[in-house]
Each structure stands twice: as C-alpha cells, then as structure tokens.
Amino acid sequence: MAGSQTYYLTTPIYYVNDVPHIGHAYTTLACDVLARFMRLDGYDVKFLTGTDEHGQKVEKSAMNAGVEPQAFTDRVSKNFRDLVSLMNYSNDDFIRTTEKRHVESAQAFWRRLEERGEIYLGSYAGWYSVRDEAFYGEDELTTTPSGKKIAPTGAECEWVEEPSYFFRLSAWQDRLLEFYEKNPDFIAPAGKRNEVIAFVKSGLKDLSVSRTTFKWGIPVPGNPEHIMYVWLDALVNYITAVGYPEMGEGSEFAKRWPADLHMVGKDILRFHTVYWPAFLMAAEMAPPRRVFAHGWWTIEGQKMSKSLGNVIAPETLVNTYGLDQTRYFLLREVPFGNDGDFSHRAMVNRVNGNLANDYGNLVQRVLSMIGKNCGAAVPQPGPFTEADQALLGAAHALLDTVRGELKAQAFHKALDAIWAVVGDANRYVDEQAPWALKKTDPARMATVLYVLAETIRHLAILTQPVMPDASSKILDQLALGPDERGFGRLGEGGALKAGTPLPAPQGVFPRYVEETKGE
RNA sequence: GGCAGCGUAGCUCAGUGGUAGAGCAGGGGAAUCAUAAUCCCUUGGUCGGGGGUUCAAAUCCCUCCGCUGCUACCA
C-alpha cells in the first residue's frame, strides 16, 4: 500500500450513557460504506469510531450503579463495541477516551494551547441550576415576586462563580470566517454551513474549558483541581487515534492528518465546525477537511423518544429485516443530510421491491438460466450487438457516477444510479428473451447471458460497500476470487472468462413476508 | 422576536423563465427465464392562497397562511 492515497474518516465518539439506537447505527453505517468504498477504490483508509466516557452524567450513573466510573464505562462502552459486530462495521480502530493514549494526548494538546497563550485562568460566573446541572443565560430566566430566578425547566437557579480556564475563542472569529470562506466544502450540507457562519458572525465569546464541580475527566496539566471540558477532551480523540502527540516525519499523524471527513449528527455540528477548527488552528495544526451533519430518523412519523417508548434498537431491525437489508434501507430511503422517517411499510417496500424483486430476482433469473442452459459455466459470448454494448456501457460507467456521488456523501443518489442499471438489465432480459433464443439461436442466447453476467458482476462489486454479505454471495456465484472484487477489476479488464465453472445459484435477497396472525 | 429554509400527483421527492416529472401506490395489458418476480401502457396535480413583473412564472418580486432549522458552554 505504500504510496497509495490515504483517507481518514471518523464517527463521533458516542456517549456511553446512551443506549445505542438507530441514529448511532446510521452515523457509523454511513462511514462504514465510505470506508469500504475507498478501500475498494485503492485508498489506504483509516476508519475510526469509539466512545466518549467522561463527564458528570457518567460519574453520576456510575455512582447510582454503585461502581467506580472506570468499571462502569468498561461495562457500558461494550454496548457500542457490540454494535460494530451487529452492523458489520469495518472500523480500523475503536478509541475510548479513558485510554492512556488519549489522556496523554489530551494533556499534550492542552499544554500546546497553553504554550501559545490560547488558554488563560479566569472565573466562570452564571445562573446555575443544580437540578438541571446547567447554566442559563440571564434572558432565559424568569424572576419570581420574591426575587428567585427560575429556569425554563422550572428549576430554581443560583448565582455561581467558579475558577475556570478559558480558551480564547473570541480571538478566532475572523479567522474562522476566513477559513469557511476559503473552504466552501468544509461544512455540509450547504444549509448547515450557513447556520454555522451566521452563528460565528453573531459573535464568539471565550469558551470555558475546565470544570471543578466534578472529578470524572482528564486532569488539567499542572492544576489537577480542574478537569478538562468534555468537548475539548472528546474532540482530541480524532488526533489521538493517529498517534498524537507523535507528529514527526514518518509518524502516522504526519501521514493521516488532517482527517478527510468527520461524520456527525446535526446536534453536534457546532462543536466540530467552530470549536474544533479553532482549537486546531490555535494549536497551529490543520483543521479537518470536511464535516458532514446528517439528519435524524423519526419512527412511523413520530419523534424517537424514551418517553414514547418507540426507540428502535438496531438489533431489532437486523433481526426483523436482515442486516444488509437494514443497511440498504437506511442509505437509500432518505437523501443523506435530510431527516427521514422509518416505517415498516417503507422498509418492506424497499426490501421486496428493490432488493428481492429488482436486484435479487435479476441475479436469480440470469444465473439460473446459465445453470440450466450453459452447462453451469460462464457462457461463451459471440459478437456484441448495439443493445449489448449499451448495457455493458452503462455498467462500465457506474463507477465514475458512484464515486462522484459518494464524494459528496450522496448515498441515495449513488444507489439510484446503481438501480438504474438494475432496471436496464431487467428490461434487457425481457427484450432479448433468452428463453426464446434457446430454441432459435443458442449462440445468441449465450452472448445475452454473458452480457447479463458481466453486468451483474459490476453491480455486485459496486454494492459491496453497502451490502457486504449479500454482494459477496453474488460474487461467489460468479466464481470470483477475493482478489477479483476491487474496483480495479471493473470494466473489460476484469471480464468474466467463458468456461469458468459456476456453483448452483442461490437466492440472496428473500422477500419479506408478513407474519400472518394465527387464525 | 431575529435570521434562514421549505410548502409540486395518494406517499416520498426532482424540476429555478419557454407546452408539469420520477419512484412507489392505483388501473389495464404482455410474457412465462426467475424469489407470483419482470416488461409495456395508463389514471392522477388551478406546482400553499392572493397580487405583481414578463410575449411567457412551479421557476423572479411583494404579501398572507402553514411547517422546519439556527439563535453557544448536558453530551
């Protein structure tokens, strides 16, 4: 792999206090598909995910559970490590913020900011609600007749002043705006970019980056009374994983930083597009190349919430509809970046329509004709007609299209393009009617089936990132070896060889059949 | 409140000045290789309301209605 281009992409690190749901699965899935795509396209990929394990809530949950925070996080971070195998993610690393490498990295990063005069000791004062564990702005509060300050949540607030370190965020406002201006692709989708710019233009205040009110965090170097603000701690994970503070020539950091893509949910956009690039620029390090904020899922038209009890565990989806079916649905159903709705009906439409009927049945009808009429081997093609060349041409052109769409994280458009060729292939089968040629012109039938097998080879190679298992089964049925499945094999260079024996075809995408209620 | 965006066929959406589109759903037909899968044809919309600019507006301008996002320190 020496000399090949690198591609470094990350998921957010997930807060261990949360139970993994469809939203977590979605973020990491999007990254997984990109990572697999880039690897097949010849890139040297590093795909990182992990867990965020510090903070007051974790400390409290551990206390409630009657265990030390570390023991607690060891236990709950497993929920997210289990998600990796459930969803078949191909991450190269799984980082936990309680790991030694990260604590050292975060402290080194802190010192680097401090050495450059970007952090100073001041005091943080504000209206604090003990119940909500949050500070509120003056304008958010209502005052009772007796002079008490009440938060929007109804909790009583008190004036609290505590020593805190601050990051000179206010000094970075203009340089951030300049950075956004010069890097129009840094924030995606475009609507989010405008929001961030509007936010920064409205004025930035220095950011409190340490806490003294609880203990579960990374100690501030030189002043262990303070622990680092969880977001500073958390964001640094992206450089920890590439070996920071080791930054010299030949280091992994030098090779992989800046990250090519941070994938995030829209709720944490600001941390990644304002604070993080400011921290990095202040540390004289390069900001990431791109941050993409995707949308949220609703369930059957309703917001997902614990109180409604409609939170969907990824495991339920996988068990009900199948793993690759779930992966396909999540990326095909909704334009990536938009909010989307998960419904049983929509899922069944995708599973049966796109997968079982369009794609699965195409593969099955073609391979089964080859099995029965071509001696269970890749047929020998004759000269190609215009129709043959049109279909093969569409298949050959797919890589460029898909590559372009994925460069913009437009998963739905990439899949649309692939399915357009699935449709072309099904129409071609009907037009050429190989079952009729069988009697009138067997040589022509062989050519038609060869063209179809070649088309399927392209489709299956290109669906590998989204549906690794199913695609692999199709490629098995074309008798392609492990080294014949990369994008380098697309086009005529990797074409199927006539006479290659093929195994008996097997269905890959079963139809979803509603369970009938017992009568 | 301020700023931004959206409102197009039953559903999800594309279309940003020149005779209204796709997929799915609905209706009809063909074929029978295949997971009763596929293919063809087709019903369906005063493009949120009103006003304006223009030879021409879903597309530009104004206004009204409805919906959504952002408006910093829980993560």
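Chain naming here is simple, since letters A, B, ... match the order of the sequence lines and numbering starts at 1 in each.
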Figure out the [atom1]/[atom2] separation between [X] and [N], and round it to whole Å.
X	N	atom1	atom2	result
A/K438	B/rU32	NZ	C1'	12 Å
A/L355	B/rU35	CG	C1'	12 Å
A/R511	B/rU38	CZ	C1'	12 Å
A/D267	B/rU71	CG	P	11 Å
A/I218	B/rA75	CD1	P	14 Å

For B/rG7, which nucleotide is its Watson-Crick or G-U wobble mate, given both distances must be under 3.5 Å?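 Pair assignment: B/rG7 / B/rC65.
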
Tell which nucleotide pairs with B/rU38, taking only Watson-Crick or G-U wobble pairs whose two distances are both under 3.5 angstrom.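 B/rU38 is paired, partner B/rA30.
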
For B/rG45 and B/rG21, measure between their C1' atoms and round to the nearest Å.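 Going atom to atom, C1' in each nucleotide, I get 11 Å.
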
What distance, rounded to whole Å, do you find between the two C1' atoms, one in B/rG10 and one in B/rA25?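 One C1' to the other, the span is 7 Å.
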
Within less than 4.0 Å of OP1 or OP2 of B/rU35, is there a side-chain N or O belonging to A/Q364?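 Yes, A/Q364 has a side-chain N/O under 4.0 Å of OP1/OP2 on B/rU35.
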
Counting only side-chain nitrogens and oxygens, does A/K372 get under 4.0 Å of the OP1 or OP2 atom of B/rA34?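 Yes, such a contact exists.
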
Roughly how far apart are A/H54 NE2 and A/I227 CD1, rounded to 0.5 Å?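 Spacing of NE2 (A/H54) from CD1 (A/I227) equals 8.0 Å.
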
Indicate, with yes or no, if the rings of A/Y238 and A/H272 have centres closer together than 6.0 Å.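 Yes.
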
Ring-ring centroid check A/Y14 A/H24, cutoff 6.0 Å: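 Centroid distance A/Y14-A/H24: below 6.0 Å, so yes.
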
Taking the minimum atom-to-atom distance to the side chain of A/N426, which one of B/rC33, B/rA75, B/rC39 wins?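 Minimum distance to the A/N426 side chain belongs to B/rC39.
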
Is A/E118 salt-bridged to A/R168, going by a charged N under 4.0 Å from an acidic O?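 No, no charged N to carboxylate O under 4.0 Å.
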
